[in-house]
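Data first, discussion second: the structure below is written as structure tokens.
Below, each value reflects all heavy atoms present in this structure, side chains not excepted, and no hydrogens, waters or symmetry copies. The model shown is predicted, which means the values in this text are computed figures rather than measured ones.
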Amino acid sequence: MTSNMNPTTFKSVQYYTSEDGKVAYITLNRPDQHNAIDQHMPLEIRGAVRIANADPHVHCIVLKGKGRGFCGGYDLKIYAESAQRGQTEGSQDLSRGYEPFQDYLLMKECTNCYSELFRSHKPTIAQVHGAAVAGGSDIALCCDLVVMADDARIGYPPSRVWGCPTTAMWAYRVGAEKAKRMLFTGDLISGSEAAAMGLVLKAVPASQLEDTVNLLVERIKTVPINQLWMQKQVINNTMEGSIESSQRLATVFDGITRNSPQGVEFQALARQQGFKAAVSSRDEPGRTNEYRKVWKSVL
């Protein structure tokens with residue numbers, strides 16, 4: 001494969017194109033942190049998508065993660081555990097009250113960056129292995145198509161405490177009832193279950209994931225770029241106004257959840273005992289063996 005860009009241009013993603021120049025690849029590149037989202041990644045995803053859109057040879061874009069998984073969500077070492085009073089990246093210093101507008105501006109910028117995958121003039125395909133959790137699911141579900149390893153996991157656990165999915169893509173993919181089930185529980189589900197639910201296009205054995213995506217890409221890239229653009233615009237037009245409204249509300253609510261009494265308590269526990277302890281305290285209640293058996297979720 002050839003590269004259209006110096007790899008040092010981006011800090012948290014890699015961008016390159018296929019040998020024939022028809023496929024752009026964006027790789028989330030923080031493998032030691034499970035590709036957790038830092039301050040660079042959202043802007044770099046948007047930048048890479050725009051580079052691909054401006055390239056007259058690129059027909060479609062594949063987004064994937066380096067290392068053991070796709071994306072583990074926001075880096076809680078940055079946004080929860082190590083945040084200090086008055087300097088927090090996650091919840092605000094509430095001693096002078098909560099400032100929702102500043103929080104909204106910050107998070108809406110992230111939402112807009114991920115949504116560049118949805119708005120992209122060229123088709124976007126997420127190739128998900130390992131896990132696409134919390135903010136990682138926001139990124140994956142903004143893509144036009146999602147192909148998962150059947151043993152990969154996807155979900156939004158912060159819907160239990162300390163988060164609301166700002167890209168608001170769940171209901172648009174699976175309908176109201178299944179979206180509510182996912183966000184009322186914060187469950188992680190397997191790729192197989194996600195495909196059966198209709199959340200993602202297809203789930204395959206992990207060993208077949210890359211080949212499966214390549215077959216799809218080989219088919220798509222034989223379609224003229226202008227045709228791909230027109231078909232995508234027709235479909236996206238049925239959702240765009242509603243999605244923008246949903247994202248605005250979700251982004252406001254995301255800030256409130258992180259600065260609610262329960263959200264502040266979660267962050268305090270993360271600082272005191274580490275984010276693993278905080279996540280365990282948030283996610284474990286109700287996970288009985290019977291629940292696991294009935295709902296068949298990868299919990």
Side-chain angles (χ1 to χ4, degrees), residues 13 26-28 34-37 41-42 45-46 48-49 60-65 69-74 107-108 110-120 122-150 152-159 163-203 209 213 216 232 235-236 238-240 242-251 253-254 297-298:
V13 309
I26 302 171
T27 303
L28 308 181
H34 303 283
N35 297 318
I37 300 163
M41 189 176 289
I45 290 173
R46 179 166 66 185
V49 171
C60 59
I61 302 165
V62 174
L63 177 69
K64 55 187 178 179
F70 179 79
C71 178
Y74 283 88
M107 291 309 301
K108 189 61 166 68
C110 292
T111 302
N112 290 344
C113 288
Y114 307 148
S115 296
E116 198 79 16
L117 294 157
F118 174 80
R119 294 190 298 264
S120 168
K122 300 174 181 181
T124 55
I125 302 105
Q127 177 180 313
V128 176
H129 73 293
V133 177
S137 68
D138 273 329
I139 295 171
L141 296 180
C142 278
C143 290
D144 299 312
L145 307 173
V146 182
V147 181
M148 290 184 69
D150 54 16
R153 297 173 296 162
I154 191 168
Y156 201 90
S159 66
C164 180
T166 63
T167 60
M169 296 301 295
W170 289 86
Y172 296 97
R173 285 184 167 270
V174 296
E177 188 170 35
K178 291 186 177 69
K180 288 175 181 177
R181 178 251 157 151
M182 292 300 299
L183 298 184
F184 288 168
T185 64
D187 283 349
L188 298 179
I189 58 174
S190 68
S192 296
E193 188 174 358
M197 182 187 289
L199 181 67
V200 303
L201 177 65
K202 190 175 183 64
L209 179 61
V213 172
L216 179 62
K232 179 167 178 174
I235 297 170
N236 277 17
T238 67
M239 302 181 287
E240 283 174 348
S242 179
I243 284 177
E244 177 61 29
S245 178
S246 296
Q247 289 180 347
R248 186 182 306 113
L249 183 64
T251 303
F253 282 173
D254 182 63
S297 297
V298 179

Practice task
With sequence neighbours excluded, tell me which residues meet side-chain hydrogen bond (donor to acceptor under 3.5 Å, both in side chains) with Ser245.
Solution key: none

Handout entry: Which residues share a side-chain hydrogen bond (donor to acceptor under 3.5 Å, both in side chains) with Thr185, sequence neighbours left out
Key = Asp187

Handout entry: Gap between atom CG of Leu249 and atom CG of Asp254 - 0.5 Å precision
Key = 11.0 Å

Fill in the blank from the handout: For Thr167 and Gln247, the nearest pair of non-hydrogen atoms, with its separation, is O-NE2, 3.1 Å

Completion exercise
Those residues at least two apart in sequence (or on a different chain) that pass side-chain hydrogen bond (donor to acceptor under 3.5 Å, both in side chains) with Asn35 are none

Return all side-chain donor-acceptor pairs below 3.5 angstrom for residues 140-147, not counting sequence neighbours, or 'none' if the list is empty.
from, atom 1, to, atom 2, distance (Å)
Asp144, OD1, Lys232, NZ, 3.1
Asp144, OD2, Thr124, N, 2.8
Asp144, OD2, Thr124, OG1, 3.2
Asp144, OD2, Lys232, NZ, 2.8

Problem - Atom pair OG/CZ of Ser120 and Arg46 - distance to nearest 0.5 Å - result: 13.5 Å

Fill in the blank from the handout: Shortest non-hydrogen pair, Ile26 vs Ala48, comes out as CD1-CB, 3.6 Å

Handout entry: With sequence neighbours excluded, residues passing side-chain hydrogen bond (donor to acceptor under 3.5 Å, both in side chains) with Tyr114
Key = Tyr74

Practice task
Look at atom OH of Tyr172 and say whether more than 12 heavy atoms of other residues, nucleotides or ligands are closer to it than 6.0 Å.
Solution key: yes

Fill in the blank from the handout: So the salt bridge (charged side-chain N to carboxylate O under 4.0 Å, His left out) pairs with at least one residue in residues 123-136 (sequence neighbours excluded) are none

Fill in the blank from the handout: Note: Gly135 and Tyr156 closest approach over all heavy atoms is N-CE1, 4.0 Å

Exercise for the section: Considering non-hydrogen atoms only, spot the tightest contact between Ser159 and Leu183 and give its length. Expected result: OG-O, 2.9 Å

Completion exercise
Taken in chain and number order and not counting sequence neighbours, the residues that satisfy salt bridge (charged side-chain N to carboxylate O under 4.0 Å, His left out) with Lys108 are Glu244

Completion exercise
Residues Ser246 and Ala168: closest non-hydrogen pair is CB-CB, 3.8 Å

Exercise for the section: Look up atom CE in Met197 and atom OG in Ser190, then write down how far apart they are to the nearest 0.5 Å. Expected result: 9.0 Å

Practice task
Compare every heavy atom of Asn236 with every heavy atom of Phe118, then report the nearest pair and how far apart it is.
Solution key: O-ND2, 2.9 Å

Problem - Residues forming a side-chain contact (heavy atoms from CB on, under 4.5 Å) with Ala195, sequence neighbours excluded - result: Val200, Ala203

Exercise for the section: Go through the structure and list residues passing side-chain contact (heavy atoms from CB on, under 4.5 Å) with Met41, not counting sequence neighbours. Expected result: Ser12, Val13, Leu28, Arg30, Ile37, Asp38, Ile45

Handout entry: Non-neighbouring partners of Ala149 that pass side-chain contact (heavy atoms from CB on, under 4.5 Å), sequence neighbours left out
Key = Asp151, Ala152, Ala206, Leu209

Exercise for the section: If a pair satisfies salt bridge (charged side-chain N to carboxylate O under 4.0 Å, His left out) and one of its residues is in residues 163-178, list it, with sequence neighbours excluded. Expected result: none

Handout entry: Rounded distance (nearest 0.5 Å) linking atom CG of Asp138 with atom SG of Cys113
Key = 12.5 Å

Completion exercise
Hits for side-chain contact (heavy atoms from CB on, under 4.5 Å) against Arg119, two or more places apart or cross-chain, chain-then-number order -> Asn112, Ser115, Glu116

